[in-house]
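As structure tokens, the structure follows; a few thoughts come after it.
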Amino acid sequence: MTESSEQLARQEARFDTDVVEIAVVTGPNGVTGHRTEAGHLLGADELWTASIDLAAWVSLVPGSRQELHTKRAQLVRLVDKSELAVLRESIRRDQIYTLQVRQGNGYLSPSELTARNRLAEIGFAFDTVDEFLLVDILPPRAVAVLETVLAAQTTPQTFESSALGSMIEDRAVGWFTRRMPWFGREIEVSVDGASAPQMQKTTRTIATLADDADLWQTGAAAFAAQELCPLYNESWREDTTPLDADEFAARLRLLSIHVGSDDGSFSLEFDDDDMFGGHSIHLDGSLNGTFTNAGI
């Protein structure tokens, strides 16, 4: 049995045989594809697992009440590379579609079940996801409740930070962002979407950095130079003159600040001035003055 036929057999076991019609609202991200399954890399004839998140769905089975479902759900299908490209064009984010699908039954293969049990033993918790196997895309049907969901979903959300001002939601990543000045340029700053009180705290972390920008820029660039300048000189500089730490640090330009927690921690992204082939330089920091995890 080929790798792809084994994949298809596993897919067949994971979904009910009945084909039903549903209408869906797709989420803020498009169709993605990956080529790993059950913790191992597949062979040369593997298929891609294509998927897209669903923000909401209703059953179109005759006699059903068209109850709105908003629990986390995904549309999936095994495809080859060319089919993946077609599917990405056929099903896009933030749209309403009428589909024929087969509903997931929760089946796990023996290897998947073993892996999940091992993770559960060490305290890993699993989110349940309703899965639907895509069978066909049907002509659209008007479903008023999904139109309401889509309208709310695509209306830009804003957050008013007392420290930074108005921030706009980036739904693809669940962040709230804005631009702000930094040494005569503009950088992007962002915080994770959370409760309003927590976001007031995380935006204050950014404001604290901005209030003493020279100190934080100097400290972060010096740490990045300490960690990465040797790597540049040994592996990336080609025929150019080696840099010392000060020269390396002087070439770094801050691109963005992200804060995901209200504990004073933050992440910085720097432009590498083409020292690492255009790869951004990332590092983590804390308002206690420490920096960690510098990398490209």
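Heavy-atom basis, side chains included; hydrogens, waters and symmetry copies ignored.
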Could you report the tightest heavy-atom contact between [X] and [Y], atom names first, then the distance?
X	Y	result
Pro230	Ala225	CD-O, 3.8 Å
Ile281	Ala224	CG2-CB, 4.3 Å
Trp236	His279	CH2-CD2, 4.0 Å
Ala163	Ala207	CB-CB, 3.7 Å
Phe132	Ala73	CE1-CB, 4.3 Å

Determine whether [X] and [Y] make a side-chain contact, defined as any pair of heavy atoms from C-beta on separated by less than 4.5 Å.
X	Y	result
Val20	Leu60	no
Leu84	Val31	yes
Ser280	Leu255	yes
Arg237	Pro242	yes
Leu150	Asp94	yes
Arg14	Arg102	no
Asp130	His69	no
Phe266	Thr202	no

Q.
Please report the interatomic distance CG(Leu146) to CH2(Trp57), rounded to the nearest 0.5 Å.
A. 11.0 Å
For [X], does the [atom1] atom have more than 12 heavy-atom neighbours from other residues, nucleotides or ligands under 6.0 Å away?
X	atom1	value
Lys71	NZ	yes
Ile168	CD1	no
Arg93	CZ	no
Arg185	CZ	yes

Donor-acceptor pair between [X] and [Y] side chains, under 3.5 angstrom:
X	Y	result
Ser267	His258	no
Ser162	Gln200	yes
Asp80	Trp48	no

Q | From CA spacing to verdict: side-chain contact (heavy atoms from CB on, under 4.5 Å), Asp272, Leu228 | A | CA-CA 11 Å; Asp272 75 328; Leu228 298 176; over 6 Å; no
Q. Does the pair Glu169/Arg171 count as a salt bridge with the N-to-O cut at 4.0 Å?
A.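 Answer for the salt bridge query: no.
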Q. Do NZ/NE/NH1/NH2 and the carboxylate oxygens of Arg92 and Glu89 come within less than 4.0 Å?
A. yes
Q: Could you please spell out the steps behind the salt bridge (charged side-chain N to carboxylate O under 4.0 Å, His left out) verdict for Arg141 and Glu21?
A: CA-CA 11 Å; Arg141 290 173 55 178; Glu21 291 186 14; 3.5 Å; yes
(Q) side-chain contact (heavy atoms from CB on, under 4.5 Å), that's the test. Do Asp214 and Phe183 meet it? Break it down for me. (A) CA-CA 8 Å; Asp214 185 63; Phe183 286 102; 3.8 Å; yes
(Q) Is it the case that the side chain of Asn233 and the backbone of Leu243 share a donor-acceptor pair, with hydrogens and angles ignored and the cut-off at 3.5 Å? (A)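 Present.
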